[in-house]
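Heads up, the thing below is written out as structure tokens.
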Amino acid sequence: EVQVVESGGGLVQAGGSLRLSCVGSGFTLDDYDYGVGWFRQAPGKEREGVSCISGSGTVTYYADSVKGRFTISSDNAKNTVYLQMDSLRPEDTAVYYCAVDSAPLACSRNEYAYWGQGTQVTVSS
């Protein structure tokens with residue numbers, strides 16, 4: 001029942017921007033105990049938390065590697081979470097996943113039960 005679908009990935013040059021979208025269904029984003037996270041996985045690396053947001057949109061987290069460059073936001077009317085990615089670097093290249101859970105304790109993959117299929121982000125140099 002609970003589903004999330006990501007979109008917005010693509011190929012950009014270093015310094016460029018992309019906006020990823022995560023559309024949820026089967027849950028209400030503005031239930032305050034829900035959380036949504038963006039994760040990424042590059043070849044040969046573990047899936048890591050990039051940015052997470054509470055259902056209310058009032059609490060956010062960013063990995064140190066993306067602070068100042070990425071912005072997470074939510075539109076409760078659309079049940080959608082966005083990840084605006086600016087000043088992209090080649091090391092940002094990865095498959096980006098959206099995930100949701102009712103009470104995540106951290107921006108960590110083990111805290112999220114429901115996952116999208118991922119969208120590829122490739123940053124060329």
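We use all heavy atoms of the structure for the numbers below, so side chains are in, but hydrogens, waters and symmetry mates are not.
By the salt bridge (charged side-chain N to carboxylate O under 4.0 Å, His left out) test, R89 is found to be paired with no residue, residues two or more places apart in sequence or in another chain being considered.
The backbone N or O of V50 lies less than 3.5 Å from no partner atom in the side chain of Y96, so there is not a single donor-acceptor pair. A side-chain donor-acceptor contact under 3.5 Å links N79 to the backbone of L29. Listed for the T93 side chain is no donor-acceptor partner under 3.5 Å among the backbone atoms of E91.
Taking the side chain as every heavy atom from C-beta outward, S87 and F70 never approach each other to under 4.5 Å. Taking the side chain as every heavy atom from C-beta outward, V23 and E6 never approach each other to under 4.5 Å.
The CG atom of L20 lies 10.0 Å from the CD1 atom of I72; values are rounded to the nearest 0.5 Å. Once rounded to the nearest 0.5 Å, the distance linking CZ of R40 with OG1 of T119 reads 14.0 Å. Of the inter-residue distances, the one linking S51 atom OG with Q84 atom CD reads 12.0 Å to the nearest 0.5 angstrom. Put simply, OG on S73 and CD1 on I53 are 6.5 Å apart, with the number rounded to the nearest 0.5 Å. The CD atom of Q3 lies 7.5 Å from the CD atom of E1; values are rounded to the nearest 0.5 Å.
Under 3.5 Å, the side chains of S17 and D86 contain a donor-acceptor pair of N or O atoms.
Proximity of the aromatic rings of Y34 and F27 is defined here by a centroid distance below 6.0 angstrom, and this criterion is met.
When the shell of 6.0 Å around OH of Y82 is examined, it contains more than 12 heavy atoms from other residues, nucleotides or ligands.
Y97 and W115 have perpendicular rings, their planes meeting at more than 60° on a 0 to 90° scale where under 30° would count as parallel.
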